[in-house]
Amino acid sequence: MCGIVGYIGKKQAYPILINGLRRLEYRGYDSAGLSIINGLLKLYKTKGKVIDLERFVRDRDISGTVGIAHTRWATHGEPNDVNAHPHYSPSGKMALVHNGIIENYNSLKKELLNRGYTFTSETDTEVLIHLIEDIKVNENIDIVKAVQMALSQVVGAYAIVLICEEEPGMLIAAKQGSPLVVGIGEDDFYIASDATPIVEYTRDVVYLNDQEIAILKPGEHIKILTVSNRIMTPYIQKLEINLGNLEKRGFPHFMLKEIYEQANSIHDSMRGRTSLQSGMIKLGGVKKYEDKLLNARRIILVACGTSWHAGLVGEYLLEFLARIPVEVEYASEFRYRQPVLYKDDIVIAISQSGETADTIAAVKLAKEKGVTVLGICNVVGSTLARITDAGSYTHAGPEIGVASTKAFTAQVTILIQMALMISMKKKTVSKERFLNLLVELNQIPAKVKKMLKANDQIREIAEKFINVKNALYLGRGVNYPIAMEGALKLKEISYIHAEGYPAAEMKHGPIALIDVEMPVVVIATQCETYEKVVSNIQEVKARKGKIIAIVTEGDTEVRKIADHVIEVPKTDELLVPLIATIPLQLLSYHIAVARGCNIDQPRNLAKSVTVE
Ligand code: M6R
């Protein structure tokens, strides 16, 4: 939610800021703005996307070597020019960009109003910059001290970057809850919400921790203080991001590119972990906690959105293979419902970004209760990766499309490996079954590649459903979460209402919706409950619903009754989610393209939900 970029050094700031905003646009695209100092502080902002900002500044003075920029996902106040960031201080000499929510902004604002200040926007951010300047002037202190004092009054989450006309050689950044990364150049500094705007300039970065304030002055070392004025030693890390992954590489959309990357990303999430030769699975990142995992009383998976669906797949796999009771929780519910946790429980948080506010809060809660918390996360160095006891990176590479695709299959791949690793050690599955699964798992990337060949067929099917208002997705067992994920993908990018249901539950309500207009996507691959799913298909047909069936290659039974059939390569039934997800992603993609929707930036959404 909201992307922040900042630069200070000898280069022109504008190209760095604009390129950075383009990279961060996945975090929000309601408005964009920037502020640059060149003698005077200049501020330009507009409703709309980064491209609108580029048009807006075309004939304006954007020169200067220090600046900040912002792309917004609106929280306080509608998306318009006035609420766009940066925000000015009352004197117009400071400008601030902010990601997060200041929860006590109303009481702070009232106090400032009483003291005669006026506000032009409805944002919490304008309140903060007013407060900082008010403290600076009234206490007659320097700007860093004023930032410290102001932040000590703030309740909520923030990542902020501030520039000041009177001190053009300094950029100040601070964070609590929302992410911020500082890039350390030769004689300059970069700052951003994630590392993607920084990686082309430097690979040396410092991830700021909560309560830390970075003071960046070219020619000097980065200085980090806390809000309570403790001096911190910066921990400089090397970035390992492949720049090519941040480009579309000839695909029309990031989402399609990322769908196609899945053969590789699934392979990458197994690389060095699963070995056919030794017949072993080793998850190095959680090795230290292996005994705890083997002896866990329960595993509680916490996540949001698509990552929560991965958790549901994990529940089936861990219970089936490792025989450990599993609960899957929406992080947003878990954090507020006073969950009963035991010391021998293990909480596993799943998140692509590693920055989802609810997931982070759930992790903090579990840690406070003394429970071991592991993470399954895609973004290296993210908050989740830093606050969990240990974890496994998914190694899917940067996911830019707002609709999560390759991160999901990589999360499921990690969960399968975890379930297999535990089952092997606990001997809850036979050696033969374990080895069969290992062989099948290794063949998944090739089968995903084969699945992707159905793209044209899926596009043709999709074109028949572009005007529908609703869709139902059905699946059973390990494919029930896949039905939910398929429905979420359709909702997110095509704005068609869709629901994912366990197939057998249809008759307890959703069947009432079925008529000749209603597409029903059924995952009917070969498994224990195949015949029962076929009966569900018959029930839909009897009510004239349109069936799109995902079946195992060679299936003849469903073909007789379904309107459209998409075949998936044969694999072990526990591994089907990794392949059956692909046609559902493609179906949503092609429906949304045909409807003219914005694929990579669907309305109202942001990739990283860093607010509650
Ligand atoms: O970064 P996270 O995995 O924690 O994000 C969780 C959800 O916000 C995310 O999966 C969301 O549902 C996606 N837009 C789904 O495509």
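Counting starts at 1 for both ligands and their atoms, following the listed order.
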- Query: Does the distance from a Lys or Arg side-chain N to an Asp or Glu carboxylate O, for Asp268 and Arg271, drop under 4.0 Å?
  - Reply: yes
- Message: Whether Asp210 and Lys364 form a salt bridge (side-chain N of Lys/Arg under 4.0 Å from carboxylate O of Asp/Glu) is what I want to check.
- Response: yes
- Item | Pairs touching residues 326-339 that satisfy salt bridge (Lys or Arg N to Asp or Glu O under 4.0 Å), sequence neighbours left out | Arg298-Glu327, Glu329-Arg337, Arg335-Asp358, Arg335-Glu612
- Task: Could you please provide the protein residues found below 4.0 Å of ligand 1 on a heavy-atom basis, arranged by chain and number?
- Result: Cys304, Gly305, Thr306, Ser307, Ser351, Gln352, Ser353, Thr356, Val402, Ala403, Ser404, Lys489, Glu492, Val609
- Query: Parallel, tilted or perpendicular: which describes the rings of Tyr330 and Trp308, with under 30° parallel and over 60° perpendicular?
  - Reply: parallel
- Give every residue pair that meets the salt bridge (Lys or Arg N to Asp or Glu O under 4.0 Å) criterion with at least one member in residues 244-266, sequence neighbours excluded. Arg23-Glu247, Lys257-Glu261, Glu261-Lys406
- Query: Which residues pass the side chain to side chain contact (heavy atoms under 4.5 Å, CB included) test with Thr306, sequence neighbours left out?
  - Reply: Ser404, Phe408, Glu485, Leu488, Lys489
